[in-house]
Amino acid sequence: MILSWLLDTNEKVGLDYQIDKYFNHKMIAFKDVVKKGENFSNVDVYKACEYAAEDALMTLKLFNKQLEVFKEKESEELLKLAFDLEFDFIYVLADMENNGIKVDVNLLKELKETNNKYIQELTAQIYEVSGVEFNINSTKQLGVVLFETLGLATAKKTKTGYSTDEAVLSGLVDAHPVIPLLLKYREAYKLQSTYIEPLLELGLENTDNRIHTSFLHTGTATGRLSSKNPNLQNIPVRSGAGAKIREAFIPKDGYKFVGIDYSQIELRLLAHFSKDEALVDAFKNDLDIHYQTAVKIFGEELAKEKRSIAKSINFGLLYGMGSKKLGDTLGIPSKEAKFYIDSYFEAFRSVKDYLKSIEDFAQINGYIKTLLNRKRLFDFETANAMIKAAYLRESVNTLFQGSAADLIKLSMVEIYKKYKNNDNMKLLLQIHDELIFEIKDEFLYEITKDLKEIMENIYSLRIPLKVTVSIGNSWQELK
DNA sequence: CTCCTCCGCTTG
DNA sequence: GTACGAGCGGAGGAGC
C-alpha cells in the first residue's frame with residue numbers, strides 16, 4: 001500500500017528521516033488548523049469529495065501512530081477533529097512527498113562547477129570595473145559603492161537605505177559598465193545558492209537520487225498548498241540559465257514525465273462567477289482570451305498589437321490592480337493605464353459589477369468564500385483605510401486563487417483514489433494549477449488521456465475546464 | 001553563538 | 001501608501 005512505509009518503519013531502510021519530516025510538518029499543520037478556526041471550513045472541500053470509507057482502517061492506524069508520536073493529550077480532541085478534515089487530502093500529500101522526484105546529480109555537479117567559475121569571473125570583473133573590493137551580496141555595501149563611490153543617480157530607497165533591486169539596476173544599465181556585470185552576478189549567484197547547491201546535496205542523500213519536499217496543507221491564506229525543504233514550486237523556468245536546472249529533474253528509467261496544467265483557470269472562474277457574456281462565449285469557443293479582450297477594448301485592428309496590454313489587465317483584475325501598478329508593469333504613464341482599465345470595464349460591464357459585489361460581500365460579512373465554500377476571514381472593524389483597501393484586493397483575489405485551489409485538490413483526490421494502487425503512475429508535484437506525473441512508457445498515452453478526462457470533468461462550471469498536456473524526458477521538456 | 005528582520009529573487 | 005499567494009539565502013544587527 002502507498003503508506004506502508006509510514007506504518008511499518010522496518011519495511012524500507014533509510015526512510016526514518018522521511019517519517020520524521022512527515023510527522024513534523026503534519027503536526028505543525030494540524031496545530032495551525034486547530035489554532036485558526038477559519039480553516040475548519042476546509043471541511044466543505046472534503047465533504048465534496050465524499051471519499052471517506054475506503055481508507056478508514058488505514059487512517060485510524062495512521063492517526064493512532066500520530067498520537068503515539070505526539071503525546072499532546074489536551075489537544076487530542078482537536079487533533080482528531082482536524083484530522084477528519086484532512087481525511088482525504090492528507091493521503092495525496094503523503095503520497096507525493098513519499099514519491100519524491102529524481103535529480104540528475106551528475107548534471108547538477110557540472111552546473112555547480114561551471115557556474116562557480118562564472119561567479120568567480122564576474123566577481124573579479126566587478127572589482128576591477130568598480131575599482132573597489134566589497135561584498136557583492138550585501139545590498140548595503142553595494143548601495144554605497146554605486147551611489148556614493150561611483151556617484152550614480154539614485155532611483156529609489158528602501159526602509160534602510162538605497163534600493164539596488166533589479167528594476168533599479170536595469171534603469172542604470174548604460175550608466176556604468178559594472179551594472180550589467182551585477183545583473184549577471186545576481187542571476188548566477190541566485191541559481192547557485194538557492195537551487196543548484198541545495199538540490200545537489202538533497203539528491204545525494206538518497207541512493208535513488210530522489211528529492212522529497214514537504215507540502216503544507218494549511219500554509220496559505222487562500223487554500224493553496226505551499227512547498228518547503230526544498231520548495232519545489234519555484235524552480236526557475238523563465239530565464240535561459242534557470243532552464244538548465246529543470247533539465248536536472250528526470251523521470252526514472254522506463255518512465256516519462258507528464259505535466260498537465262489547467263489553462264487560464266482563474267480567468268475561467270472569473271467568467272463563471274461573473275457570467276459575463278463576452279468572457280463566457282470566448283471560453284466556450286476556446287478562443288485566445290487575451291486577444292479577445294484586446295478586441296473588446298481596442299477593436300479588431302489594434303487587437304494584435306495590444307494583446308500584451310490586455311493580458312496584463314486580465315491578470316491585474318484577479319489581483320485588484322490599480323492604475324499605478326499597471327502603468328509600472330507596462331512601462332506607461334498611470335494616466336494611460338487608467339484609461340485602459342476604464343475601457344476594459346466599459347467593455348466588460350458585468351465583470352465590473354461582479355468584482356464590486358465581491359468587495360461588498362466581504363465588507364458586510366467579514367469573510368469571503370470560494371467555489372467550494374472555503375472561507376477567509378477579514379477584520380474590517382479594526383482596519384484603517386490602507387488595510388481596508390488591501391483586504392478588498394485580497395477578497396477578490398482569494399475568490400479566484402482559492403477556487404482554483406479547490407478544483408485542483410478535487411482532481412488530486414479523484415486521481416489518487418483511482419490510481420493509488422497502480423505502480424505505472426505516480427503523482428510527483430503540484431504547482432498550483434499544474435500536476436506533474438511519472439508514468440510508465442507502456443501506459444503513457446492511456447493513463448495521460450484518462451488523467452486529462454478526470455481533470456477537465458472534475459467540476460461543472462458555466463464554461464469548460466481545459467487542460468494542456470506535455471510529455472518529456474526531463475522537467476525542462478514539459479513546455 | 002542563535003535568532004530575527006530586511007532585501008532581493010524565484011515561482012504560480 | 002495601492003497588484004495576489006508563497007519560500008529561501010545572505011547580510012547585519014540584537015541579544016544571550
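Throughout, a chain's letter reflects where its sequence line sits, starting with A, and its residues are numbered from 1.
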inquiry  = The criterion is ring-ring contact (aromatic ring centres under 6.0 Å, His included); which residues satisfy it with A:Y118, sequence neighbours excluded?
reply    = none
Partners meeting salt bridge (Lys or Arg N to Asp or Glu O under 4.0 Å) with A:E394 (sequence neighbours left out) = A:R376
task = Scan nucleotides 7-12 of chain B nucleotide by nucleotide, 5' to 3', and note B when protein non-hydrogen atoms come under 4.0 Å of the base, S if they reach only the sugar-phosphate, - if neither.
result = SBBBBB
request  = Calculate the interatomic distance between A:K311 atom NZ and C:dA3 atom P; express it in whole Å.
outcome  = 20 Å
request  = Rounded to the nearest angstrom, tell me the gap between atom CD1 in A:I245 and atom P in C:dG9.
outcome  = 13 Å
request  = Identify whether any heavy atom of A:N135 sits under 4.0 Å from a base atom; if not, whether one sits that close to sugar-phosphate; answer base, sugar-phosphate or nothing.
outcome  = sugar-phosphate
query = A:K228 has an atom NZ; how far is it from atom P of C:dG9, in whole Å?
reply = 12 Å
query = Over how many whole Å does the gap from A:F378 atom CZ to C:dC4 atom C1' extend?
reply = 11 Å
task = Under 4.0 Å between any heavy atoms, over every strand shown, what does A:F400 touch: base, sugar-phosphate, or nothing? Just pick one.
result = nothing
Under 3.5 Å, which donor-acceptor pairs link side chains of residues 469-479 of chain A to any protein atom two or more places apart or in another chain?
unit_1 : atom_1 : unit_2 : atom_2 : d
A:S474 : OG     : A:Q476 : N      : 3.2
A:S474 : OG     : A:E477 : N      : 3.4
A:E477 : OE1    : A:N473 : N      : 2.8

ask   = Nearest-Å distance, CD1 (A:I211) to P (C:dC8)?
value = 13 Å
query = Given the P atoms of C:dA3 and B:dT5, what is the spacing between them in whole Å?
reply = 24 Å
request  = Select base, sugar-phosphate, or nothing to describe what A:K325 touches, counting heavy atoms under 4.0 Å on all strands.
outcome  = base
note = Separation of C:dA6 atom P from A:N229 atom CG, nearest Å, is 17 Å
Mate of B:dG12 where both pairing distances stay under 3.5 Å, Watson-Crick or G-U = C:dC4
Separation of the P atoms in B:dC7 and C:dG1, to the nearest angstrom = 15 Å
key: Under the salt bridge (Lys or Arg N to Asp or Glu O under 4.0 Å) test, residues paired with A:K156 that sit two or more places apart   = A:D165
inquiry  = Among C:dA6, C:dG9, C:dC4, which nucleotide has an atom closest to any side-chain atom of A:T220?
reply    = C:dA6
query = Under 3.5 Å, is there a donor-acceptor pair between the A:S312 and A:Y340 side chains?
reply = no
Listed partners of A:F345 passing ring-ring contact (aromatic ring centres under 6.0 Å, His included), at least two apart = none
ask   = OP1, OP2 of C:dC4 versus side-chain N and O of A:R393: anything below 4.0 Å?
value = yes
query = Can you check the A:E197 CD to C:dG9 P distance for me, whole Å?
reply = 10 Å
request  = Round to a whole Å and report the spacing from CD1 of A:I358 to C1' of C:dC4.
outcome  = 13 Å
key: Under-4.0 Å salt bridge between A:K244 and A:E187   = no
